[in-house]
Amino acid sequence: MSVERPSSLLCARRRLLVAACAAVGAPALAGAPPVLLRFSHVVAPDTPKGQMALRFQALVHQRGGGRIRVELYPDSSLWGDDDEMEALRLGAVEMLAPSLSKFGMAGVPEFEVFDLPYLFADLAQVRRVTQGAVGRGLLERLARQQIRGLGFLDNGFKQMSARHALRTPDDYRGLRVRVQASQVLGEQMRALGAHPVVLPFGETQRALASGVVDAAENPPSNFLTQGLAALQPHLTLTQHGYLGYAVVTHPRFWESLSRVDRALVDDALAEALAHGNRLAEALDRQALATLRQTPGLRLHALGAAEREALRRHLRPVVDGFGRSVGAGLLRDVQRAIGSG
Ligand code: LMR
């Protein structure tokens with residue numbers, strides 16, 4: 001995959017640097033203090049993010065000889081997505097991988113460009129943005145909020161679930177739909193006549209079970225691993241929006257690492273992200289195949305005209321983002337998409 005070539009070159013260079021520093025600086029590092037890196041996220045291990053985190057942990061443990069310990073906390077077991085950014089600021093966790101939708105609430109609304117409905121046709125288009133100059137610029141903007149952006153990871157495209165099929169804009173009218181804390185996602189649901197209800201990911205299943213919300217949008221791997229098929233008997237393959245992540249840390253933690261440790265962690269993360277990005281499409285396909293075989297669940301494919309009607313209804317959300325957050329950013333993203 002072309003996007004991985006630069007990072008594997010970078011990895012090779014970094015490995016050399018780590019090896020060189022380890023050789024030259026071995027005596028100085030002999031008494032180097034242990035490092036604890038707590039990595040909290042909200043999804044199951046059997047997802048692109050869960051697998052990326054496991055690979056990262058294995059690589060760091062293998063290369064750091066046990067001195068750098070990565071503790072993984074999946075499934076919101078340490079922090080949920082409503083308090084993880086605050087935990088990062090307070091030094092109660094060292095690494096997170098929030099979805100891009102969650103950075104608007106953290107003060108960087110430009111990230112909500114990734115939430116715009118029907119902006120990307122496929123992951124190749126997403127990668128032209130995340131793995132290029134626009135993506136780098138976005139990660140740099142996180143510094144405004146004392147967040148250090150380390151890289152992007154894909155999950156996939158979201159599908160809509162409910163207790164009935166959602167084929168036309170009318171089918172959404174009056175539904176209470178769980179959304180992530182993103183202005184764009186709220187606008188998207190309002191444009192369809194639905195009521196957006198912002199809830200942490202970890203509360204979605206309970207909210208669907210108790211009827212607090214009627215519907216949700218998720219990529220197949222999250223829908224499957226959260227057990228939502230038992231609660232939402234209709235999954236409509238709308239493919240209307242992208243879900244991906246940025247792996248982040250706090251600048252204070254990052255700068256507290258020695259140069260060698262930082263290179264080791266950065267290198268391991270670049271490899272783990274490449275692994276997660278490679279897996280994303282396969283896990284998506286596998287999850288869909290499992291869902292197709294799930295008793296009691298019906299999948300609905302949309303025809304071209306149905307998809308077009310949905311896209312037309314959602315068009316004002318894209319225009320509104322251009323006006324409120326930045327027409328320039330939107331143009332840059334569209335240009336990057338079209339540049340392949
Ligand atoms: C969500 O809240 O729906 C997602 O961001 C969860 C995740 O991290 O994939």
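Since this is a predicted model, take the numbers as computed values, not measurements. Residue numbers run from 1 in the order of the sequence given. We count ligands from 1, going down the list as the structure has it; atoms in each ligand are counted the same way.
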Quick check on contacts: which atoms of ligand 1 are under 4.0 angstrom from a heavy atom of [X]?
X: Val42; value: 6 (C), 7 (C), 8 (O)
X: Ser99; value: 5 (O)
X: Asn222; value: 6 (C), 7 (C), 9 (O)
X: Asp81; value: 2 (O)

Side chain or backbone of [X] under 4.0 Å from ligand 1, or both, or neither, by non-hydrogen atoms?
X: Thr204; result: neither
X: Thr47; result: neither
X: Lys102; result: side chain

Are [X] and [Y] close enough that a side-chain donor and a side-chain acceptor fall under 3.5 Å?
X: Thr204; Y: Arg178; value: yes
X: Gln159; Y: Thr236; value: no
X: Gln188; Y: Glu217; value: yes
X: His250; Y: Glu94; value: no

Check whether any heavy atom of [X] sits under 4.0 Å from an atom of ligand 1.
X: Glu217; answer: no
X: Asn155; answer: no
X: Arg178; answer: yes

Minimum-distance protein heavy atom relative to [atom]:
atom: atom 8 (O) of ligand 1; value: Lys49 NZ, 2.6 Å
atom: atom 9 (O) of ligand 1; value: Tyr245 OH, 2.5 Å
atom: atom 7 (C) of ligand 1; value: Val43 CG1, 3.4 Å

- Could Arg141 and Glu110 be called an ion pair, given the rule that one side-chain N must be under 4.0 Å from one carboxylate O?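 A salt bridge links Arg141 with Glu110.
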- Message: Between Arg315 and Asp319 (salt bridge meaning N to carboxylate O under 4.0 Å), is one present in this structure?
- Response: yes
- Task: Find out whether Lys158 and Thr238 are in side-chain contact, i.e. whether some heavy atom of one side chain is under 4.5 Å from a heavy atom of the other.
- Result: no
- Item | Reported CD1-to-CG distance for the pair Ile337 and Asp332, which is rounded to 0.5 angstrom | 11.0 Å
- Decide yes or no on side-chain hydrogen bond (donor to acceptor under 3.5 Å, both in side chains) for His275 and Gln51, but give the supporting numbers first. CA-CA 8 Å; His275 172 69; Gln51 291 296 304; 4.8 Å; no
